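Below is one structure, written out as structure tokens; the observations come after it.
Keep in mind it's a predicted model, so treat the numbers as computed, not measured.
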Amino acid sequence: MTRPAANDNDRLLRLSLVAVWLFTAVASILELDGQSRRVLADAGIASPLWLVHSLIVGGAAADLAIGLALWLRPGRTVYLAAFALMLAMTLVATVLQPGLWLHPLGPLLKNLPIAALLWHLYRRTTP
């Protein structure tokens, strides 16, 4: 049995990150007045409604942009941008809802392996 080439493995890792970012963008919009809004309300941001919607749509747009960039234009700059966005969202969530670190489904904890994947892809990509 032959092992897949490193590039095939890296491609699979990258596409898994594409799926995370794109599906997160879609889910955020589909749940605009549901779970997305509740997440902000639980963090103390419930009004005005235009602000809540702007934050959700803005976050979804950022996720969409990163997902598309990872898919269509992968490279060191995109990996750094994805890392920066993930870090910024993690820091904001930590300040607003530190209890998410203890959530059984790990909504913030999952960012640690995402960071590791981004670092791996960054290191394996030539400048």
Considering all heavy atoms of both residues, which atom of [X] and which atom of [Y] are nearest to each other, and what is their separation?
X   : Y   : answer
S28 : I56 : O-CG2, 3.6 Å
R14 : W71 : NH1-O, 3.3 Å
P74 : Y79 : CB-OH, 3.6 Å
W21 : M86 : CZ2-CB, 4.2 Å
D42 : Q97 : CB-NE2, 3.2 Å

Practice item. First locate atom CD1 of I29, then atom OG of S36, and finally report the distance between them rounded to the nearest 0.5 Å. Key: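 Output value for this atom pair is 7.0 Å.
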Review point. CG of L70 to CG of L117: how many Å apart, nearest 0.5 Å?
Key: 11.0 Å
Honestly curious: do [X] and [Y] fall in one hydrophobic cluster under the side-chain, below-4.5 Å linking rule?
X   : Y    : answer
L55 : L100 : no
M89 : L40  : no
L80 : I114 : yes
L13 : L72  : yes

Check your understanding: Have D63 and T24 got a donor and an acceptor in their side chains that come within less than 3.5 Å?
Key ->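 No.
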Practice item. Could you please spell out the steps behind the side-chain contact (heavy atoms from CB on, under 4.5 Å) verdict for V26 and L30? Key: CA-CA 6 Å; V26 170; L30 289 177; 3.7 Å; yes
Practice item. Could you pull out all residues at least two apart from A19 that satisfy side chain to side chain contact (heavy atoms under 4.5 Å, CB included)? Key: F23
Check your understanding: Within the side chain of R37, is there an N or O that forms a donor-acceptor pair under 3.5 Å with the backbone of E31?
Key -> no
**Study point:** Backbone of D10 reached by a side-chain donor or acceptor of R124 within 3.5 Å
**Key:** no
